[in-house]
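Take a look at the structure below.
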Amino acid sequence: MSAYKSDFLNVLAGRGFIHQVSEPEALDALACSATITAYIGFDCTAPSLHVGSLLPIMLLRWLQQTGHRPIALMGGGTTRVGDPSGKDESRRLLAAAAINENLKGMRAIFTRFLRFGEGAHAAANDAIMADNADWLNTLNYIDFLREVGRHFSINRMLAFDSVKLRLERQQELSFLEFNYMILQAYDFVELYRRYGCVLQMGGSDQWGNIVNGIDLGRRLHNAQFFALTSPLITTSSGAKMGKTAAGAVWLNADMVSPYDYWQYWRNTEDADVGRFLKLFTVLPLDEIARLAALKGEEINEAKKVLATEATALVHGRAAADEAAATARTTFEEGGLGASLPTVQVSQAELKAGIGVLTAFVKAGLAASNGEVRRAIANNAIMINDVRVTSDKAAIGEADVTPGGVIKLSLGRKRHVLLKPV
RNA sequence: GGGGGAGUGUCCCGAGCGGCAAAGGGGGCGGACUGUAAAUCCGCUGGCUGACGCCUUCGUAGGUUCGAGUCCUACCUCCCCCA
């Protein structure tokens with residue numbers, strides 16, 4: 001289906017990663033003959049990356065897998081500037097202080113997906129972690145204007161969709177936001193200077209910004225840069241990826257447990273299974289074709305594979321298998337899975353008896369006693385798989401199962417174990 | 001600088017004659033049906049309480065009133081028009 005010669009573009013195209021590419025033939029030829037250095041920028045506004053960032057991360061991964069060199073660019077500088085609207089000074093400073101922490105959390109994720117060089121095992125395409133704070137923070141305004149600013153035509157910038165739409169709708173566009181695209185273009189050039197980076201990838205919304213970088217590269221260095229964007233991924237029902245009741249689906253294990261992460265993928269809609277297998281796992285395409293062709297009830301097998309493979313990439317194979325095993329015993333055998341979320345209670349407390357309301361709030365299944373009451377009224381609460389009908393019910397020593405725990409359930413999907421200590 | 005408009009259930013959007021725990025939607029959660037899917041239907045979607053009830057919520061701070069999301073004053077933030 002794809003007419004590319006290079007592994008790199010063939011893999012991306014075959015798996016559905018490509019939305020737009022600039023100069024595809026030239027990039028294809030380059031990918032065949034040389035090691036390309038390419039980058040993607042990531043904001044560091046949060047202590048972890050979430051599922052929404054997974055697609056770009058996979059892009060970098062395939063880049064490296066097909067022999068090229070990825071750069072993960074942290075927006076340490078651009079995040080400091082941030083979105084100026086609705087934020088006061090103090091909050092912005094706080095974010096600046098936390099950026100290093102955020103960077104640390106994010107770096108851990110990248111090491112799961114990319115191979116960074118380590119001493120003796122260094123290779124030509126080892127991944128690079130860069131931070132644009134390194135060059136943006138020390139920019140001299142006048143120098144910057146003279147070197148970079150003179151290459152940007154206001155006339156042309158006004159024609160960009162991102163700007164034009166705002167102006168047409170007579171919405172505010174701050175000078176700062178207007179400059180953001182210039183900073184991003186400059187990042188591209190700086191990475192070219194430092195590492196010979198000639199390709200920037202990103203989501204489809206980044207196209208305009210990337211193209212600006214390409215122009216700047218031509219003007220400053222007479223260099224040929226490339227852009228490659230990925231499609232915006234939504235579920236078949238149109239919802240954005242990565243949001244659940246509990247909030248964003250984070251990649252760090254201490255924010256979303258491997259078990260919950262596995263569950264997120266397990267609950268994928270039928271229509272998305274094939275597409276997600278291609279994007280978020282590294283299974284071979286023929287294997288994916290087989291799984292995606294499953295119909296009806298059988299497609300659940302494909303969802304389990306998706307969940308386990310996707311979880312293995314982020315949390316490791318062992319954690320993924322454990323999550324899968326827990327899901328199997330919990331959902332298919334009605335048993336108790338070892339890696340279900342567990343909350344500890346003291347023996348003394350248990351002896352005295354714990355009210356259902358307190359227990360479920362403590363277990364994190366509900367936010368308030370009232371919420372538990374409502375759930376009981378809705379027939380949603382179970383203790384050790386026995387339906388609870390009164391909010392006065394209490395949990396005591398007698399409820400401890402042979403396995404040494406008490407199983408609390410809200411609905412059919414959400415389970416927490418209470419463990420006496 | 002002058003004039004006009006807006007900020008509402010802390011997930012989002014959004015109605016709201018001075019009696020309001022506050023319409024409606026989206027989203028979310030739960031139930032039924034299923035396959036841990038989608039679609040559909042039903043219920044729930046401030047806190048405490050067994051319950052009467054009490055407490056906290058409509059940008060911030062005051063005020064008028066038996067009673068304020070609603071009226072008045074000042075302030076903050078955002079948007080529009082004029083300069």
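Labels below follow one simple rule: chain letters A, B, ... track the order of the sequence lines, proteins then strands, and each chain is numbered from 1.
- Closest approach to the A:Q263 side chain among B:C48, B:U36, B:C29 is made by B:U36 (side chain taken as heavy atoms from C-beta onward).
- At a threshold of 4.0 angstrom between heavy atoms, the contacts of A:R374 are confined to the sugar-phosphate backbone, with no base atom among them.
- Rounded to whole Å, the distance from CD1 on A:I381 to P on B:C29 is 15 Å.
- A salt bridge is defined here as a Lys NZ or Arg NE, NH1 or NH2 lying under 4.0 Å from an Asp or Glu carboxylate O, and A:R146 with A:D143 fails to meet this definition.
- Here the separation of B:A37 from B:C48, taken at their P atoms, is 30 Å to the nearest Å.
- Nucleotides B:C78 and B:G69, compared at atom P, are 26 Å apart to the nearest Å.
- To the nearest angstrom, P of B:C44 lies 20 Å from CG of A:N369.
- Using a 30° and 60° split on the angle between ring planes, A:W265 and A:F280 fall in the tilted class, from 30° to 60°.
- Between A:F110 and A:F116, a ring centre-to-centre spacing not shorter than 6.0 Å is recorded.
- For RNA chain B, the residues of residues 294-304 of chain A within the heavy-atom distance limit of 4.0 Å (strictly under) are A:G296, A:E297, A:I299, A:N300, A:K303, sorted by number.
- Remark: A:A327 in residues 306-327 of chain A come within less than 4.0 Å of RNA chain B through at least one heavy atom.
- Residue A:E371 is classed as having no contact, given no heavy-atom separation below 4.0 Å to the nucleic acid.
- A donor and an acceptor atom, one from each side chain of A:N125 and A:Q64, are nowhere located under 3.5 Å apart.
- Salt bridge A:R115/A:D126: present, at least one basic N to carboxylate O contact under 4.0 Å.
- In a base pair of the Watson-Crick type (N1 to N3 plus N6-O4 or O6-N4) or a G-U wobble (N1-O2 and O6-N3), with each distance short of 3.5 Å, B:C44 is matched with B:G28.
- Summarising the geometry, the separation between CZ on A:R373 and P on B:G47 is reported as 10 Å, rounded to the nearest angstrom.
- Of the charged side-chain nitrogens involved, at least one lies within less than 4.0 Å of a carboxylate oxygen, so that A:R193 and A:E147 count as a salt-bridged pair.
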Quiz item: Between A:R414 and A:L365, is a side chain to side chain contact (heavy atoms under 4.5 Å, CB included) present by the stated rule, with each step listed?
Solution: CA-CA 8 Å; A:R414 301 169 64 198; A:L365 285 168; 4.0 Å; yes
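- The interatomic distance linking A:K392 (NZ) with B:A51 (P) rounds to 9 Å, in whole Å.
- A salt bridge links A:E332 with A:K304: the closest approach of a Lys/Arg side-chain nitrogen to an acidic carboxylate oxygen falls below 4.0 angstrom.
- The gap from the P atom of B:C42 to that of B:G26 amounts to 12 Å, rounded to the nearest Å.
- The side chain of A:D270 approaches B:A37 more closely than any other nucleotide in the set B:U49, B:A37, B:C29.
- If you measure from atom CZ of A:R414 to atom C1' of B:U36, you get 14 Å, rounded to the nearest angstrom.
- The existence of a salt bridge linking A:R290 and A:E301 is excluded, since no basic side-chain nitrogen approaches an acidic carboxylate oxygen closer than 4.0 Å.
- Between the CD1 atom of A:I376 and the C1' atom of B:C44 there is a distance of 14 Å, given to the nearest Å.
- Checked against the 6.0 Å centroid threshold, A:H315 and A:Y259 do not count as a close aromatic pair.
- Comparing B:U10 with B:G3, their P atoms sit 37 Å apart, to the nearest whole Å.
- Summarising the geometry, the separation between CE on A:M382 and P on B:G30 is reported as 12 Å, rounded to the nearest angstrom.
- B:U64 and B:G18: their C1' atoms are spaced 12 Å apart (whole Å).
- In this structure, A:K413 atom NZ and B:G28 atom C1' are separated by 13 Å, rounded to whole Å.
- Between B:A21 and B:A15, the two C1' atoms lie 16 Å apart (nearest whole Å).
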